[in-house]
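Heads up: the structure comes next, in C-alpha cells.
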Amino acid sequence: MRPVHIALAVLVTAVWGVNFVVIDVGLGHFPPLLFSALRFLVAALPAVFFVGRPKVAWKWIVAVGLVLGVAKFGLLFIGMSQGMPAGLSSLVLQIQAVFTAVVAMVVLGERLRGVRLLGMGVALAGIVVAAVDEGSGGPLLAFALTVGAAACWGVSNVLTRKAAPPDALNFMVWVSVVPVLPLLVLSVVFEGPGRDAEALAGFDWGGAGALVYVAWISTVFGFGAWGMLLRRYPASSVAPFSLLVPVFGMSSSAVLLGESVTPLRWCAAALLVGGVGLTSLSRPEAGSSTPVRLGAVPEGGRPRDTSASRTPSTPSRPAAAERGTR
C-alpha cells in the first residue's frame with residue numbers, strides 16, 4: 001500500500017475507535033434507541049439522494065438493516081447507556097469474529113479448523129478475561145448486551161456476504177434507511193414519548209456534534225474511505241488495520257473520558273485482538289469454500305467479506321460497524 005493510503009487506513013480506524021467516545025457523549029443527550037434512530041436518519045439523509053439506486057435486492061437491505069441497525073446498534077447503545085464503558089465496548093465487539101465464523105459454518109458450510117479454531121479459542125479467552133474484569137466493578141447485564149450486539153453483527157456479516165453488494169457506500173446508506181422507523185417506534189414504546197420529546201426539545205450543539213460525527217464522519221466518510229481502499233488493494237492488505245479500532249477506542253476513552261484500563265483489561269485486549277487476527281487472517285483450509293473473513297469494522301457500521309481470494313465490496317465485518325458506531 002502507498003504511504004498515503006496506509007495513513008488513510010489508520011485515520012479511518014482512529015475515527016471508528018473514537019466513535020465509541022462520541023457515542024458515550026451522545027447518550028448523555030438522547031435515550032439510546034432514539035439516539036440510534038437519529039444516527040441512521042442523519043446517515044441516510046441527504047446521502048440517499050446522491051448514491052443512486054440500491055445495487056442489491058431489497059430483501060438483503062431490509063435484513064441487514066434490521067439485524068445490524070435495529071438489533072446490533074440497539075443492544076450496543078442500550079448496553080453503553082447502562083454502564084458499559086466506551087473503551088471496553090470497542091474491544092468486546094470484536095468477538096463478532098467468532099460469531100461470524102460460527103454462523104458461516106452453519107449457514108454457508110464454512111469449515112472451522114486449524115488456526116481459525118485456535119484464534120476463536122484465544123478470542124473467547126479474551127472475552128472471559130474481560131467479563132471477569134468488568135464483573136469486579138461494572139454491570140454484567142450491560143456487558144451481556146454488548147456481547148449480544150456482537151452476535152447480531154456476526155449474523156449481519158453473513159447476510160452481507162450473501163448480498164455481495166458491489167458498492168459499500170451505496171449499501172451502507174440504503175441499509176441506514178431501514179432502522180429509522182423501527183427504532184423510533186421502539187423508543188416511543190420503551191423509552192416513552194415524554195422522554196423523547198424532552199431530549200429533542202433540549203437539542204444542543206453537543207448533541208448535534210455527536211450525531212454529525214457518528215453519522216457523517218464515522219459512517220459516510222469512514223465507509224467511503226474504507227470502500228475505496230478495498231477497491232484499490234486486496235482485502236488481506238486492508239483488513240488487518242481494523243484490529244487497530246479497539247486500540248484507538250480504549251486509548252481515546254482513557255484520555256477523553258478518564259476510563260481506567262486495568263492490567264486485566266490489557267490482557268483481554270491482547271487475547272481478543274490476537275484471536276481475532278488469527279481467525280480473520282488465516283488462510284482457507286484446503287477444500288473449504290471461500291470463508292467469510294472477519295476484518296470487520298467496528299462500531300461504526302457495516303460488515304464486509306474480507307476474503308483474500310477476491311476484493312470484497314463491503315467491510316467485514318458496515319462490521320468495523322454505531323462498535324458505537326458507533
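Fair warning: this is a prediction, and the values are worked out from it, not measured in the lab.
Residues Leu88 and Phe143 have side chains in contact (heavy-atom distance under 4.5 Å, counting atoms from C-beta outward). Counting heavy atoms from C-beta on, the side chains of Val158 and Leu108 come closer than 4.5 Å. Between Met228 and Tyr233 there is no side-chain heavy-atom pair separated by less than 4.5 Å. Side-chain atoms of Gln94 and Val273, non-hydrogen and from C-beta on, never get closer than 4.5 Å to each other. In this structure, the side chains of Leu41 and Leu184 stay at 4.5 Å or more apart for every pair of heavy atoms. For the pair Met84 and Ser89, the minimum side-chain heavy-atom distance is below 4.5 Å. Trp226 has its side chain out of reach of Leu8: every pair of non-hydrogen atoms, C-beta onward, lies at least 4.5 Å apart. Looking only at side-chain heavy atoms (C-beta outward), Val155 and Phe99 stay at 4.5 Å or farther from each other.
For Leu243 against Pro246, the heavy-atom pair with the smallest separation is O-CD, 3.4 Å. For Phe171 against Val64, the heavy-atom pair with the smallest separation is CZ-CG2, 3.9 Å. Residues Leu27 and Ser81 approach most closely at CD1-N, 3.7 Å, considering heavy atoms. Nearest heavy atoms, Leu169 versus Gly224: CD1-N, 4.3 Å. Here the shortest heavy-atom pairing between Ala131 and Leu140 reads O-CD2, 4.0 Å. Residues Ala268 and Ala130 come closest through the heavy atom pair CB-N, 3.7 Å.
Linking ILVMFWY residues whenever their side-chain heavy atoms come closer than 4.5 Å, directly or via other members, places Leu75 and Val67 in the same cluster. Under the 4.5 Å side-chain contact rule for hydrophobic residues, Phe40 and Val188 do not share a cluster. Tracing side-chain contacts under 4.5 Å through hydrophobic residues (I, L, V, M, F, W, Y), one never reaches Val255 starting from Met80; they form parts of separate clusters. Under the 4.5 Å side-chain heavy-atom criterion for grouping Ile, Leu, Val, Met, Phe, Trp and Tyr, Val180 is connected to Phe50 within one hydrophobic cluster. A continuous path of hydrophobic side-chain contacts links Val56 to Val51 [ILVMFWY only; heavy atoms under 4.5 Å].
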Practice task
Could you walk me through whether Val98 and Ile95 pass the side-chain contact (heavy atoms from CB on, under 4.5 Å) test, one step at a time?
Solution key: CA-CA 6 Å; Val98 173; Ile95 199 63; 3.6 Å; yes
Practice task
Under the side-chain contact (heavy atoms from CB on, under 4.5 Å) rule, what do Leu38 and Leu34 come out as? Steps first, then yes or no, please.
Solution key: CA-CA 6 Å; Leu38 293 175; Leu34 177 63; 4.0 Å; yes
Exercise for the section: Check the pair Met250 / Ser90 against side-chain contact (heavy atoms from CB on, under 4.5 Å), numbers first and verdict last. Expected result: CA-CA 7 Å; Met250 294 178 68; Ser90 72; 4.1 Å; yes
Practice task
Just do the side-chain contact (heavy atoms from CB on, under 4.5 Å) check on Leu93 and Val147 with the steps written out, would you?
Solution key: CA-CA 7 Å; Leu93 275 181; Val147 173; over 6 Å; no
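Trp174 places no side-chain N or O within donor-acceptor distance of the main-chain N or O of Lys55, the cut-off being under 3.5 Å. Between the side chain of Trp216 and the backbone N or O of Val42, at least one donor-acceptor pair lies under 3.5 Å. For Tyr213 (side chain) and Ala208 (main-chain N/O), no donor-acceptor pair under 3.5 Å exists by modelled atom type. Distance alone, capped at 3.5 Å, is enough to place a donor-acceptor pair between the Trp16 side chain and the Ser218 backbone.
For CZ of Phe190, the number of neighbouring non-hydrogen atoms (other residues, nucleotides, ligands) closer than 6.0 Å is 12 at most. Annotation for Trp58: atom CH2 counts as buried by contact number, over 12 foreign heavy atoms lying within 6.0 Å.
For the atom pair NZ (Lys72) and OG1 (Thr146), the distance works out to 10.0 Å, reported to the nearest 0.5 Å. Atom CD1 of Ile6 and atom CZ of Phe241 lie 5.0 Å apart (nearest 0.5 Å). To the nearest 0.5 Å, atoms CD1 (Ile217) and CG (Leu211) are separated by 11.5 Å. Summarising the geometry, atom CG belonging to Asn170 is positioned 7.0 Å from atom CD1 belonging to Ile61; distances are rounded to the nearest 0.5 Å. Here Met120 contributes atom CE and Thr100 contributes atom OG1; the two are 9.5 Å apart, rounded to the nearest 0.5 Å. To the nearest 0.5 Å, atom OG of residue Ser156 and atom CG of residue Leu66 are 11.5 Å apart.
Qualifying ring-ring contact (aromatic ring centres under 6.0 Å, His included) partners for Phe35, counting only residues two or more places apart in sequence or in other chains: Phe30, Phe77.
Every pair passing side-chain hydrogen bond (donor to acceptor under 3.5 Å, both in side chains) that includes a residue from residues 177-202 is listed here, sequence neighbours excluded: Ser187-Glu191, Ser187-Asp196. For residues 262-274, the pairs satisfying side-chain hydrogen bond (donor to acceptor under 3.5 Å, both in side chains) are Asp133-Thr262, Asp133-Arg265, Glu134-Arg265, with sequence neighbours left out.
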